[in-house]
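Written out below as structure tokens is the structure these notes cover.
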Amino acid sequence: MKIAVVGSINMDMTVLADRIPKKGETVAGSDLRYVPGGKGANQAVAASRLGADTAMYGCVGDDANGEMLLDNLRKQGVDGSKIKVVPGVPSGIAVITVADKDNVIVVVPGANGCVDTAYVDSIADDLRQADMVMLQHEIPQETIEYVIDLCDRADIPVVLNPAPARPVSQGTVNKVRWITPNETEAALIFGDRPIDEMLADYPDKLVITLGSDGTAASDGKAVLHIPARKSEVVDTTGAGDTFNAAFSVRCAAGDSLEDALRYANTAGGLATEKFGAQGGMPSDEDVRRAM
Ligand code: RIB
């Protein structure tokens, strides 16, 4: 099974703090670590760890971070051979504070902003051979829509993880196979209304992630609420990315919606039990053992 991810590749500068600071406040931190991240790259690494033949498409800068990020993808078994190294532009960076079993993130896109439609043209043949294409919201909106149109024409299913939050047109919602917002993103895209109402309007299309409350989706017969794994949380960074990758891999493998959600919830939960966006991403064996 071939999974193609078009998206962001970041270096995460992660600070472990006593708690998430309030506006205007200074708090003490215990550690600063540089670890690979970016929603796109995280989803690619998670899919690869789960056993999928995975390729990552995106841009890094011609800097030390770019080299480290490419090296990391290689080590994780992700095909990054078509990632473009953009001269004179810094690689994407995320500044992350981890505390209180949660995080806050500021992303500086850098080279991720160079993932344009001309680049998509250069990888179009690869995308047409994928069993599933995964997208997030950390590359330009125009590019995301261009990929979705290309996949729609080629009948390639797309999972759109609309994070960070920004609006998505009805046309785009119609064209993707699955859209996987969290509650905030869902309210922005589908209106501020009860979740079950949104899910009933988009059966077999919309999956809403609810953090420690699990996930919800409709299979057309009923609204499914799947509980989260009870995890010993160390760092939630990358848990959503792991969920998305696991869900995509299992959907591409032909699982039912409920089975794919149960598997993905377990994978996402396991990812929170270690430090770093990619540090706790499980293998298929890990997930099945935990289930
Ligand atoms: O989803 C987590 C990711 O969001 C981090 O790795 C960070 O790079 C930001 O893109």
Side-chain angles (χ1 to χ4, degrees), residues 5-17 20 32-49 56-61 63 65-66 68-70 72-73 76 78 80 83 90-99 101-115 134-141 143-144 159-166 180-185 207 209-212 215 231 233-248 264-265 267-282:
V5 183
V6 186
S8 58
I9 309 165
N10 294 336
M11 182 60 80
D12 290 354
M13 297 166 56
T14 303
V15 177
L16 305 179
I20 305 278
L32 165 66
R33 300 185 201 170
Y34 291 76
V35 288
K39 295 188 195 301
N42 291 344
Q43 295 185 13
V45 168
S48 174
R49 288 227 188 125
M56 174 76 212
Y57 302 93
C59 295
V60 294
D63 51 10
N65 280 345
M68 282 189 270
L69 293 169
L70 291 177
N72 172 63
L73 289 170
Q76 299 295 337
V78 175
I83 293 172
S91 298
I93 285 199
V95 179
I96 304 180
T97 304
V98 171
K101 299 190 173 176
D102 213 329
N103 63 35
V104 286
I105 305 181
V106 178
V107 176
V108 184
N112 296 308
C114 301
V115 185
M134 299 176 64
L135 290 162
Q136 320 73 32
H137 272 181
E138 287 188 329
I139 56 172
Q141 188 63 30
T143 311
I144 293 166
V159 174
L160 173 63
N161 172 218
R166 65 186 183 215
T180 60
N182 64 18
E183 278 172 283
T184 314
E185 292 148 6
V207 171
T209 56
L210 304 165
S212 57
T215 46
S231 293
V233 176
V234 174
D235 181 358
T236 55
T237 315
D241 299 325
T242 307
F243 172 87
N244 274 278
F247 180 70
S248 302
N265 270 9
L270 286 168
T272 67
E273 295 173 10
K274 291 195 183 134
F275 173 80
Q278 297 172 12
M281 288 175 173

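Ligands are counted one by one from 1 in listed order, and the atoms in each one are counted from 1 as well.
Counting only distance, with no hydrogens or angles, the side chain of Ser8 and the backbone of Gly40 share a donor-acceptor pair below 3.5 Å.
Ranking the protein heavy atoms by distance from atom 8 (O) of ligand 1 puts Asp12 OD1, 2.6 Å first. The nearest heavy-atom contact from the protein to atom 4 (O) of ligand 1 is Lys39 NZ, 3.1 Å. Given atom 2 (C) of ligand 1, the protein heavy atom at minimum distance is Asp241 OD2, 3.4 Å. In terms of protein heavy-atom proximity, atom 9 (C) of ligand 1 is closest to Glu138 OE2, 3.5 Å.
For ligand 1, the polar-atom distance check against Ala94 finds no nitrogen or oxygen pair separated by under 3.5 Å. Ligand 1 has a nitrogen or oxygen under 3.5 angstrom from a nitrogen or oxygen of Asn42. Between Asn10 and ligand 1, an N or O atom pair is found at a separation short of 3.5 Å.
The atoms of ligand 1 that sit less than 4.0 Å from any heavy atom of Gly37 are 6 (O), 8 (O). For ligand 1 and Ala277, the ligand atoms under 4.0 Å from any heavy atom of the residue are 6 (O).
Side-chain contact between Glu138 and Pro109: absent, with no pair of heavy atoms (C-beta onward) separated by less than 4.5 Å. Put simply, the side chain of Ile9 does not reach to within 4.5 Å of the side chain of Ser91, judged on heavy atoms. A heavy-atom distance below 4.5 Å is found between the side chains of Ile93 and Asn65. The shortest side-chain heavy-atom distance between Phe243 and Asn265 falls under the 4.5 Å cut-off.
Gly240 does not count as a contact of ligand 1, since none of its heavy atoms falls under 4.0 Å from the ligand.
For the residue pair Asn161/Gln136, the side-chain donor-acceptor check at 3.5 Å is not satisfied.
Here the straight-line distance linking atom CG of Leu73 with atom CD of Gln278 works out to 7.0 Å at 0.5 Å rounding.
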